[in-house]
Amino acid sequence: MNPEMNSGLDQASLALAARAQDHVNSDRLATAIATLARFGGRDDGGVARQTLTPIDLEARAWLVAQARALGCEVFIDNCANLFFRRPGKEALPAVLTGSHVDTQPVGGKLDGAYGVLAGLEVIAALNDAGIQTRRPVEVVVWTNEEGSRFGPGTMGSSAYVNPGLLQGYRASTDGSGASFGDALDVALAAAGDLPRRAGPEAAAAFIELHIEQGPVLEAAGTPLGVVTGIQSVRWYRVQCTGVAAHAGTTPMDIRNDAMATAISLAQKLYAFVAGEAASNMKLTLGRWHVDPNSINTIPGKVEFTIDVRCLDESVLVRFDQQLHGWIDTHARRDGISLECFFSRTPTTFPQAMLQVVERGCVRACSQAGLAPPLRLTSGAFHDAMYLADHCPTAMIFTPSKAGISHNAAEDTDQHELYLGAQALAHVVTELANQ
Ligand code: HGY
Ligand code: MN
Ligand code: MN
């Protein structure tokens, strides 16, 4: 953390933090969440708002209007990240908060959106409390965190920290063949006269509020989590090529069945993760393309994706070695191609930031007469994993009902969402007055 931030506990900034926390308004936050959820809202209560789709651009325009109504200056950068800036008394590096508003193809109303809207609620609370912080405060909307339409994930935040990545990201295509670069150019044009931020700026800290998307906090009966870090993640694309042929006339022993090749690999992957139960490794084969995808034609091409996660990076290193070995020794080796297109080592948030987060969470929980916050690691990745390379970074979690996310049923009690925003207000205000 910045040296002056190690100044120990500053009672004045803690008093302001408490005042900001007490001005968070639960109904205003709930209304904002319900309103944003209408952009891509589904009949089942979920949200379909994939990155840089027209509905995402409409949601972004609404957020810009909300930010301006709160008195924020608005900026955009070359990856269409949006920055809602509340000026501070001094032109010091800002305290950043925020998250993403793009969703999975069938997502919920909270994943990402909650962190952005709670950030705007913090600004509203600072306005209501009449607090002008020493440092500027910025709420950020990071582009394409999910990576579902255009892989990899966290494009906006990673390209903010390392602008050299953007050129490669532009070539990424979605299922229709549209490129991220073209979608980005449309988004930048739609942003009109928003001042363009040329590149990354020094930041005092980044703090991201997010739903846990897992079962830990709910099982522990605590409404807030102090996130200590994020597990590692790797994404692969496997392409198996065989020969399309007639399902009824082609003898089994002369087939070059791309699905048989893909399944034989998939079985080895599941066997590996079953053997790694102690490491809590996770494997997901989430997206499959079968060509020609006909009931009575032997698949000529099968492409599937691999998402592996583990807190212990050495497990994913071993997995990678094994995966290459299985492919290199496969009978159909010539028909198999493998591409790793996303890889991030584990993230650990600094102790000094965890203490600031803990102070905000403890006050919110104790004022509500609830259990104190729990420290936990994040199973999901977040934009915070790249901001951690840029400035002192940390996260706050609220529980997810039944641990469900990336699902229309994603939900969290409003009171818990309110407590999370209260904790965020305390953390942001304390950091912005240091
Ligand atoms: O996949 C993830 O971990 C994140 O929710 N996009
Ligand atoms: Mn998210
Ligand atoms: Mn997500």
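Read the numbers this way: they start at 1 and go in the same order the structure lists the ligands and their atoms.
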Side-chain ion pair, Arg333 and Asp328, N-O less than 4.0 Å:
yes
For atom 6 (N) of ligand 1, what's the nearest protein heavy-atom neighbour? Residue, atom name and distance, please.
Glu146 OE1, 2.9 Å
Using a 4.0 Å heavy-atom cut-off, which part of His406 comes near ligand 1: side chain, backbone, both, or neither?
side chain
Proximal ligand 1 atoms for Arg309, defined as those under 4.0 Å from one of its heavy atoms
1 (O), 2 (C), 3 (O)
Answer yes if the side chains of Gln213 and Ser400 hold a donor-acceptor pair under 3.5 Å, and no otherwise.
no
Within 45 degrees of the ring normal and closer than 6.0 Å to the centroid, is that where the cationic atom of Arg344 sits relative to Phe381?
no
With Arg237 as the cation and Phe304 as the aromatic partner, state whether NZ or CZ is under 6.0 Å from the six-membered ring centre and within 45° of the axis.
no
Taking atom types as modelled, is there a side-chain donor on Asn78 or Arg197 under 3.5 Å from an acceptor on the other?
no
Heteroatom distance test (Phe381, ligand 1): nitrogen or oxygen, under 3.5 angstrom
yes
Please determine if Arg170 forms a cation-pi arrangement with Phe180, meaning its NZ or CZ atom is less than 6.0 Å from the six-membered ring centre and no more than 45° off the ring axis.
no
Report yes or no: does His210 have an N/O/S atom closer than 2.8 Å to the Mn ion (ligand 2)?
yes
Side chains of His210 and Asp111: is there a donor and an acceptor less than 3.5 Å apart?
yes
Identify, with sequence neighbours excluded, every residue that meets side-chain contact (heavy atoms from CB on, under 4.5 Å) alongside Arg363.
Ala18, Gln21, Asp22, Gln367, His426
Would you mind counting protein N, O or S atoms that sit less than 2.8 Å from the Mn ion (ligand 3)?
4
Within the structure, is a non-hydrogen atom of Gln104 found at a distance of less than 4.0 Å from ligand 1?
no
Tell me whether Lys282 at atom NZ has more than 12 heavy atoms from other residues, nucleotides or ligands lying less than 6.0 Å away.
yes
Should you measure from each heavy atom of Glu145, which atoms of ligand 1 turn up under 4.0 Å away?
4 (C), 6 (N)
